[in-house]
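Naming: A, B, ... by sequence-line order, numbering from 1 per chain. Every value quoted in this text rests on a predicted model; they were computed, and no experiment measured them.
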There are 2 protein chains.
Amino acid sequence: MSNSSSARGLSTGGATRIQKRNRAAILDAALDVFSTHGFRGATLDQIAGAAGLSKPNLLYYYKSKEAIYTALLEALLDTWLDPMRALDPEGDALGEILAYVRRKLDMSRSHPRESRLFANEIVQGAPHIHNALAGDLRALVDDKAALIQSWIDAGKLAPVHPHHLIFSIWSLTQHYADFDVQVRAVLGDEDPFAAAPGFLDTLYRRMLQP
Amino acid sequence: MSNSSSARGLSTGGATRIQKRNRAAILDAALDVFSTHGFRGATLDQIAGAAGLSKPNLLYYYKSKEAIYTALLEALLDTWLDPMRALDPEGDALGEILAYVRRKLDMSRSHPRESRLFANEIVQGAPHIHNALAGDLRALVDDKAALIQSWIDAGKLAPVHPHHLIFSIWSLTQHYADFDVQVRAVLGDEDPFAAAPGFLDTLYRRMLQP
DNA sequence: GCTCAATTTGACCAGCCGGTCAAAGGCACG
DNA sequence: CGTGCCTTTGACCGGCTGGTCAAATTGAGC
């Protein structure tokens with residue numbers, strides 16, 4: 001035999017070609033469905049249909065709806081936080097912040113489903129990732145907030161509350177993904193991402209220039 | 001008889017005392033449930049339980065789940081937009097903007113359920129209020145954006161894209177209600193609303209001071 | 001306290017939803 | 001080409017969900 005263990009619970013490393021293909025298809029389909037309907041609003045039939053599988057086949061790869069959902073959240077959480085991790089203590093303070101804003105805005109444009117997935121989860125009280133928020137996320141944010149504070153103390157940024165500065169970046173950038181329909185309804189034909197980068201750049205320059 | 005028509009479809013004006021009480025209880029319960037679970041995630045049993053009624057009794061006052069939901073959205077949409085309507089063309093430009101920000105932030109603190117109700121609806125594509133967004137909301141925003149542009153042209157505000165300025169106010173203020181769990185998970189014991197007003201005041205002063 | 005509408009309820013239903021299972025079909029390897 | 005696992009499927013299940021209905025109860029004006 002070419003594979004010594006069942007599909008359930010395998011790490012992707014030891015997976016069959018078929019397993020890789022189907023698991024990827026499932027997670028992509030699940031991202032589509034969960035991000036537009038939320039956890040409870042999504043159905044296994046929808047996900048199975050979008051992945052091109054039957055429902056029992058879906059459950060052959062992930063043992064429950066919740067297993068799909070948490071696998072998806074775990075796989076995406078790290079990626080989602082990478083732009084913040086990239087804040088470089090050695091870099092130019094204002095330049096680092098502006099680059100972070102730019103990276104987050106780019107993610108809102110290129111990965112709106114991921115943004116809405118987390119938005120749905122958090123608006124509804126983050127029942128599945130509350131631990132990650134109070135653990136890893138908080139530690140990361142505290143670390144970067146301290147970095148920002150050190151920049152302020154060194155006179156490289158105008159004084160602001162570092163945590164609220166970070167919240168503002170999340171809020172302003174993800175707004176374009178999470179509230180996309182509203183933004184487009186108000187703007188009409190104008191592409192939101194045409195003026196957004198310049199607007200945010202100006203906002204943070206004026207606010208943070210020492 | 002004291003009342004010539006059935007409960008269904010009555011305007012609140014001609015409603016019995018019992019009708020008023022129960023309809024209010026239903027809408028309050030529905031706000032609780034819909035804002036934390038979204039439309040599809042909410043169940044009639046949850047709403048009926050929270051309102052202290054049986055499910056058939058619930059459906060005696062509103063003929064379907066969707067009827068409750070749309071009644072709730074309609075009743076709240078006007079209230080939700082009042083802070084923007086209050087922008088006064090005759091007032092001091094920067095002061096008007098700062099007061100608007102403050103009103104919106106106060107609504108996030110005092111009415112987080114309403115904020116999350118709309119957040120859920122819009123993140124999931126606004127299937128029930130898309131018309132209101134592209135109609136009334138857009139008209140109102142265009143009107144106020146023109147006002148802001150006139151302030152900019154008169155040299156009373158630093159130049160920014162008026163629509164994106166409005167988006168930023170929605171985003172930054174509602175973030176504290178919609179992403180409450182995340183904000184609190186990161187801040188720990190610190191009350192988000194302690195520093196938020198000062199932070200936003202500073203942000204908009206620095207960005208908009210001509 | 002009678003009358004009649006307003007209100008409330010228990011029983012019920014059809015459809016959906018997450019999940020199970022045994023059996024059938026593929027696939028790779030000797 | 002046979003063996004044995006991997007993969008897929010159709011049929012099915014119990015519980016929940018939105019919604020209905022006829023009957024019972026309550027409330028207000030006379």
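Nearer the 5' end of DNA chain C, as judged by each residue's closest nucleotide, is the contact made by B:N22, out of B:N22 and A:L44. Along DNA chain C, the nucleotide closest to A:D45 and the one closest to B:K55 are compared, and the more 5′ of them pairs with B:K55.
The separation between A:K63 atom NZ and C:dT20 atom C1' is 15 Å, rounded to whole Å. Between B:H37 atom NE2 and D:dG18 atom P the separation is 12 Å, expressed in whole Å. Rounded to whole angstrom, the span from the OH atom of A:Y60 across to the P atom of D:dT7 amounts to 4 Å. For the pair A:Y69 OH and C:dG18 P, the interatomic distance rounds to 14 Å; values are reported in whole Å.
In this structure a side-chain-to-backbone donor-acceptor pair under 3.5 Å is missing from B:E114 to B:W80.
Regarding contacts with the backbone of D:dC6, every side-chain N or O of A:R17 stays at 4.0 angstrom or more from both OP1 and OP2. Regarding contacts with the backbone of D:dT9, a side-chain N or O of A:S54 is found under 4.0 angstrom from either OP1 or OP2.
The stretch residues 94-105 of chain A participates, sequence neighbours left out, in these side-chain hydrogen bond (donor to acceptor under 3.5 Å, both in side chains) pairs: A:Y100-A:W170.
The side chain of B:Y61 sits closest to C:dT7 out of D:dG18, C:dT7, C:dT9. Here the nucleotide nearest the side chain of B:N57, chosen from D:dT9, D:dG19, C:dT8, is C:dT8.
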